[in-house]
Amino acid sequence: MKALILVGGFGTRLRPLTLSVPKPLVDFGNKPMILHQIEALKAIGVDEVVLAINYQPEVMLSFLKEFEAKLGIKITCSQETEPMGTAGPLALARDKLDDGSGESFFVLNSDVICEYPLKQMLEFHRKHGGEASIMVTKVDEPSKYGVVILDEETGRVDRFVEKPKIFVGNKINAGIYLLNPNVLNMIELRPTSIEKEVFPKIASEKQLYAMILPGFWMDIGQPRDYISGLRLYLDSLRRNFPKKLSFGSHIIGNVIVDETAQIGEGCLIGPDVAIGPGCVIEAGVRLSRCTVMRGVRIKKHACVSGSIIGWHSTVGQWARAENMTVLGEDVHVCDEVYSNGGVVLPHKEIKSSITKPEIVM
């Protein structure tokens, strides 16, 4: 079975992290975002994953080679020479996705994090017999999204309503699809949208069905949603794989700490914290609602909350980073410096406080 992951472009919303690596390789929960998806696909029998990409394919492939061997799954690239939207990449990768067997294939947006109930989706798809299945998720504010109107009993999609002014429903496209090869015949090789052009056409032919996603869902393509997504992901680990979490007198709530990280005395860590490989957390540090990526050093009595600390960065003694501070790779915050929402590009030294949210070039 095959799958295509829509990797897309430059990841501008997650800068400065995406100045160092393509967005799908940014760590989330101590492993690259895209690895969560590839592992879930492998677990239900997918043996080939195609990455639809228009930016740095060689970086992606060289990085993923080790996982290809480790997971026993084939990973290839379908490269766009121009941005092709969300449907064009399927037409471009047609030869890779349709091998003539008639077997359906998965399509995933690379920003989506959830519990990936792909086995249930396969069963749902086979049961309804339509050409396409989409996963939908319930949201509190549907007016910000395109809403999916469906038959609650059968799941058959009736229509889509883009950013409704009045309430018509609360289910939105969750960015996970299961399609029959026939769907490829409906997609032209040009920049085109699967959500706005292809799915409405399939729905009009009464061949599109929606499965309501159980559990959490988040598009983690920007820092605020990344931090919210981490909370939901760690909460899911507690319910499903509690042994993956870290425990101890210095830990509050849901926390994951890589086994190679070092934690000093008198620290207080949590809730909702991920500490990556090779990190050094010195004595008396306070961490909450944050990600500390590979090779970071947090010096004595520093405090980090609601922030993302990029690879191999340093936060100085008694320094404070909060309110969606994002440090790119190899950023060094000096002792006693305060960052209130600073977004700092890679390879910088911060010697004076950032008192209001701003980008530091």
Side-chain angles (χ1 to χ4, degrees), residues 1-11 21-26 31-114 116 118-119 121-122 125 131-135 173-195 197-199 202 221:
M1 194 175 187
K2 299 184 180 183
L4 179 130
I5 299 178
L6 294 163
V7 172
F10 303 105
V21 296
K23 181 173 59 177
L25 299 185
V26 171
K31 60 184 165 191
M33 284 184 193
I34 201 167
L35 205 53
H36 293 270
Q37 299 185 332
I38 293 173
E39 287 176 349
L41 289 164
K42 171 65 180 174
I44 53 118
V46 170
D47 49 27
E48 182 175 353
V49 175
V50 181
L51 308 179
I53 189 167
N54 63 21
Y55 176 61
Q56 293 186 317
E58 61 291 332
V59 177
M60 286 284 289
L61 280 179
S62 63
F63 182 87
L64 290 168
K65 274 291 170 235
E66 64 168 296
F67 296 107
E68 196 176 37
K70 199 182 291 183
L71 295 171
I73 191 167
K74 186 180 177 185
I75 302 172
T76 59
C77 265
S78 173
Q79 189 178 359
E80 307 161 28
T81 52
E82 62 171 329
M84 295 288 279
T86 50
L90 277 73
L92 195 65
R94 181 184 186 123
D95 293 344
K96 293 176 186 282
L97 297 172
D98 184 5
D99 58 7
S101 67
E103 190 174 33
S104 50
F105 57 89
F106 283 99
V107 178
L108 288 80
N109 286 344
S110 67
D111 292 354
V112 167
I113 195 84
C114 64
Y116 305 111
L118 304 180
K119 187 168 181 283
M121 194 178 194
L122 262 175
H125 185 73
E131 290 291 349
S133 300
I134 67 172
M135 204 88 82
N173 181 344
I176 300 174
Y177 320 129
L178 185 53
L179 312 177
N180 289 350
N182 290 341
V183 171
L184 295 169
N185 298 330
M186 304 179 184
I187 305 172
E188 296 175 35
L189 185 55
R190 61 178 176 85
T192 175
S193 165
I194 200 166
E195 301 88 352
E197 296 177 62
V198 180
F199 286 155
I202 304 173

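Quick note: residue numbers are just sequence positions, from 1.
When every heavy atom of Glu68 is checked against every heavy atom of Ile75, the shortest pair comes out as OE2-N, 2.7 Å. When all heavy atoms of Ala87 and Ile194 are compared, the closest pair comes out as CB-N, 3.5 Å. Across all their heavy atoms, Ala132 and Leu179 have their closest contact at CB-CD2, 3.6 Å. Minimum interatomic distance between Ile176 and Tyr116 (heavy atoms only, all atoms of both residues): CD1-CD2, 4.1 Å. Nearest heavy atom pair, residue Met84 against residue Leu189, reads CE-CD1, 3.6 Å. Between Glu131 and Asn182, the closest heavy-atom pair is OE2-ND2, 3.1 Å.
Here the straight-line distance linking atom CE of Met33 with atom CD1 of Ile113 works out to 8.0 Å at 0.5 Å rounding. Separation of atoms CG (Leu92) and CG (Leu184) is listed at 11.5 Å; rounding is to 0.5 Å. Between Asn173 atom CG and Ile134 atom CD1 the span is 5.0 Å, to the nearest 0.5 Å. Atom CG of Leu108 sits about 5.0 Å away from atom CD of Gln37, to the nearest 0.5 Å. Between Arg190 atom CZ and Glu197 atom CD the span is 4.5 Å, to the nearest 0.5 Å.
Under the 4.5 Å side-chain criterion, counting only non-hydrogen atoms from C-beta, Leu35 is in contact with Leu71. Here the side chains of Tyr177 and Leu90 are not in contact, with every heavy-atom distance at 4.5 Å or above. Side-chain contact between Leu51 and Ile34: present, with at least one pair of heavy atoms (C-beta onward) separated by less than 4.5 Å. Considering only heavy atoms from C-beta on, Val49 stays 4.5 Å or farther from Phe106 through its side chain. With contacts defined as side-chain heavy-atom distances shorter than 4.5 Å, the pair Phe67/Glu39 does not qualify. Looking at heavy atoms from C-beta onward, Met1 lies in side-chain contact with Ser104 at the 4.5 angstrom threshold.
At least one donor-acceptor pair under 3.5 Å links the side chain of Ser110 to the backbone N or O of Leu6. The backbone N or O of Lys2 sits nowhere less than 3.5 Å from a side-chain atom of Glu103 that would complete a donor-acceptor pair. With hydrogens and angles disregarded, no donor-acceptor distance shorter than 3.5 Å links the side chain of Lys119 to the backbone of Ile44. Using a distance-only test at 3.5 Å, with no hydrogens or angles considered, no donor-acceptor pair links the side chain of Glu48 to the main chain of Lys96.
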Begin with the C-alpha distance, continue with both residues' side-chain angles, and end with the deciding distance and a verdict on side chain to side chain contact (heavy atoms under 4.5 Å, CB included) for Asn180 and His125. CA-CA 10 Å; Asn180 289 350; His125 185 73; 2.8 Å; yes
Show your working on side chain to side chain contact (heavy atoms under 4.5 Å, CB included) between Leu118 and Val46 and close with a plain yes or no. CA-CA 10 Å; Leu118 304 180; Val46 170; over 6 Å; no
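Side-chain polar atoms of Thr86 and Glu195 form a donor-acceptor pair below 3.5 angstrom.
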